[in-house]
Enquirer: 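Shown below is the structure under consideration.
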Amino acid sequence: MPDLEIELICKQIRRHIVRMVYEAKSGHIGGSMSAVEIMTVLYSEFLNHDSERPDWPDRDRFIMSKGHATPVQYAVLSQFGYILEDELKTFRQLGTRLQGHSVLGKPPGVENSAGSLGMGLSFGLGQRLGLHLKGSAANVFVLMGDGEHNEGQIWEAAMAASHHQVSNLIALIDLNGIQNDDFTEKTLNTNSLADKYRAFGWQVRDGINGHDVTSVREAFVWAQSMATDGPVALQFNTVKGKGVSFMENNPAFHGAPPNDDQFEQAMIELS
Amino acid sequence: MSNTPDEAATREALGPGLLKAADRSEIVVVDADLGKSTTARLIADQYPERFITFGIAEQNMASAAAGIATTGFTVVASTFAVFAEHAFDQWRMSVAQPNLDVKLFASHGGVSTGEDGASAQSVEDIGVFSSLVNFTVCVPADVVEADAMVAAAVDNYGPWYVRLGRAKVPTIYTNGSSFKVGQADTLREGEDVSIIACGLMVDRALQAAELLSKDGIQARVINMSTIRPLDTSALFKAASETGAIVVAEEHLVHSGLGALCAQALASENPVPMEFVGIQNRYGESGKWFEILELLGLTVEGISDAARRALSRK
């Protein structure tokens, strides 16, 4: 897909994210905005999926480990045919399929339940092990935040994936530098996640500009070429709140909605 | 089971049961470095690709088990009961909420783990796993029932927690078990008082009933081996026909089988109840039967409770 077209889709997804959180008066904008290019390039060009057959056994899996970033997940699922755009209005409302945090199968296309952080890599690892036993080479992509790496379970999974030389498991690290209360380096400094994954025996590429479509695409091409031999991690340098000037790199927009003025301003910037 | 032993630990049923299940079902067994102790590792020789070890990492094992289950396998996880609790949120979030087909067989349940002391003794595991929506929770009374439970767990969809034990306990079902999930088994009829028990307390309940009969008290003994879903029809029948109930369990009284029975009876047919179990404390080191003695989980403990319940009718 031409870069320009993907960039237009990304802008549309960002508008959906801001509107969903604004209308719900709650939700996680910052960590959704930072993952827009990663997810859009993935769903456009790499993820082997079919919205008409969300249970197709041989499909690639996308695991949302940072389960609070549902605004970007639902907006992407809408963009790629899993739900109608209109359903995004129901986000976080009583009776919706679009809960605040990911729930497996709601809607179809959501492959795991999340919200408690640090579980997605284990879940994806298990899926790859199961797919391997079934004779399927389908890929499993797991999106994690950098703050999420405070959770020890991720390192249990990193160790096990390497030990079992799990192929076609690709970890996507959204390194936006901010977690719930503050910057990650002030809360619990994870230092170089890339070096840690290398030490655990993974193939790693870091320093990827997570908002440049070409860079993101190249990273996925590299990851898929490496993943047949064992687990692969891509570390994307991203900006929390990317796309709206006053949200960018601002810890206040991890989990807070914009007010009326902020919403208007954001939609102007994203038009 | 063939060659039924006079006594055996319920954990001894797991490995052989899984071997039988693997012959007929697509199961994958996951482990956290205790496969020898839980006996689950038996499957590895015959089906090496279906036995996956995750090392001493129960959180990863729980979530990975859930992931494997999404690809169409029935997944059996095993560890010790206390370490199953270690990953509570993983069982909640990865398995219970999405209602995935993962069976957790937790060996070394209760205080009868013995010499290892309080840290290795799960006094709260039944309460912990009964608190999870979608989980079936079972405790076998002996190795024969445990064998039947392994088969039933594999053959029924959904998350299960099964507590197994380390201590060698007497075999009750010498003529085989007709275990059906959610169905209590009345082992002895009686009209004066009902003793509802699970696990190794079932044998002690039978002995208590024998003791009571010498004083002319006819006690009904019910093996409530499925804790969730509770067999409320057997429970309500016992309440209405005997009018007094004792619950005996190797577990904290405030969160186990007794508490669940009391809750069910409170709104249906409250009758005098007594509870034989662990009273707000942890265990300690000792021989397993010495610890049961220390905590009052004895034949006399049950028969005394039955007399108290009777006196309140």
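Values below: all heavy atoms of this structure, side chains included; hydrogens, waters and symmetry mates excluded. Lettering follows sequence order; numbering is per chain, from 1. The shown structure was predicted, so the numbers you read here are calculated from the model rather than taken from an experiment.
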Enquirer: With rounding to the nearest 0.5 Å, note down the distance linking CG in Leu104(A) to CG in Asn99(B).
Expert: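 The CG atom of Asn99(B) is 10.5 Å from CG of Leu104(A), to the nearest 0.5 Å.
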
Enquirer: Identify which part of His132(A) has an atom lying under 4.5 Å from any heavy atom of chain B, answering side chain, backbone, both or neither.
Expert: neither

Enquirer: How many angstroms lie between atom OG of Ser102(A) and atom CE of Met93(B), to the nearest 0.5 angstrom?
Expert: 8.0 Å

Enquirer: Measure the spacing between CZ of Phe54(B) and CG of Leu129(A) and express it to the nearest 0.5 Å.
Expert: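 So the CZ of Phe54(B) and the CG of Leu129(A) are separated by 5.0 Å.
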
Enquirer: Under a 4.5 Å heavy-atom cutoff, which of Gly72(B), Ala62(B), Ala65(B) has the most pairs with chain A?
Expert: Gly72(B)

Enquirer: Can you say whether Ala114(A) sits under 4.5 Å from chain B via the side chain, the backbone, both, or neither, judging by heavy atoms?
Expert: backbone

Enquirer: Given the options Gly55(B), Ser63(B), Ala64(B), which has more heavy-atom pairs under 4.5 Å with chain A than any of the others?
Expert: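 Going by pairs under 4.5 Å, I would pick Ser63(B).
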
Enquirer: Do you know which of Leu100(B), Thr71(B), Asp89(B) has the most heavy-atom pairs under 4.5 Å to chain A?
Expert: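 When all of Leu100(B), Thr71(B), Asp89(B) are compared, Thr71(B) has the most.
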
Enquirer: Contact part of Glu58(B) toward chain A, heavy-atom cut-off under 4.5 Å: side chain, backbone, both or neither?
Expert: backbone

Enquirer: Hey, could you give me the CZ/CD1 distance between Phe123(A) and Ile68(B), rounded to the nearest 0.5 Å?
Expert: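 If we round to the nearest 0.5 Å, Phe123(A):CZ and Ile68(B):CD1 are 10.5 Å apart.
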
Enquirer: CG of Leu133(A) to CZ of Arg50(B): how many Å apart, nearest 0.5 Å?
Expert: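 The CG atom of Leu133(A) sits 8.5 Å away from the CZ atom of Arg50(B).
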
Enquirer: Show your working on side chain to side chain donor-acceptor pair (under 3.5 Å) between Thr70(B) and Gln127(A) and close with a plain yes or no.
Expert: CA-CA 7 Å; Thr70(B) 65; Gln127(A) 285 189 314; 3.0 Å; yes

Enquirer: In Å and rounded to the nearest 0.5 Å, what is the CD to CD distance from Gln153(A) to Gln90(B)?
Expert: 4.0 Å

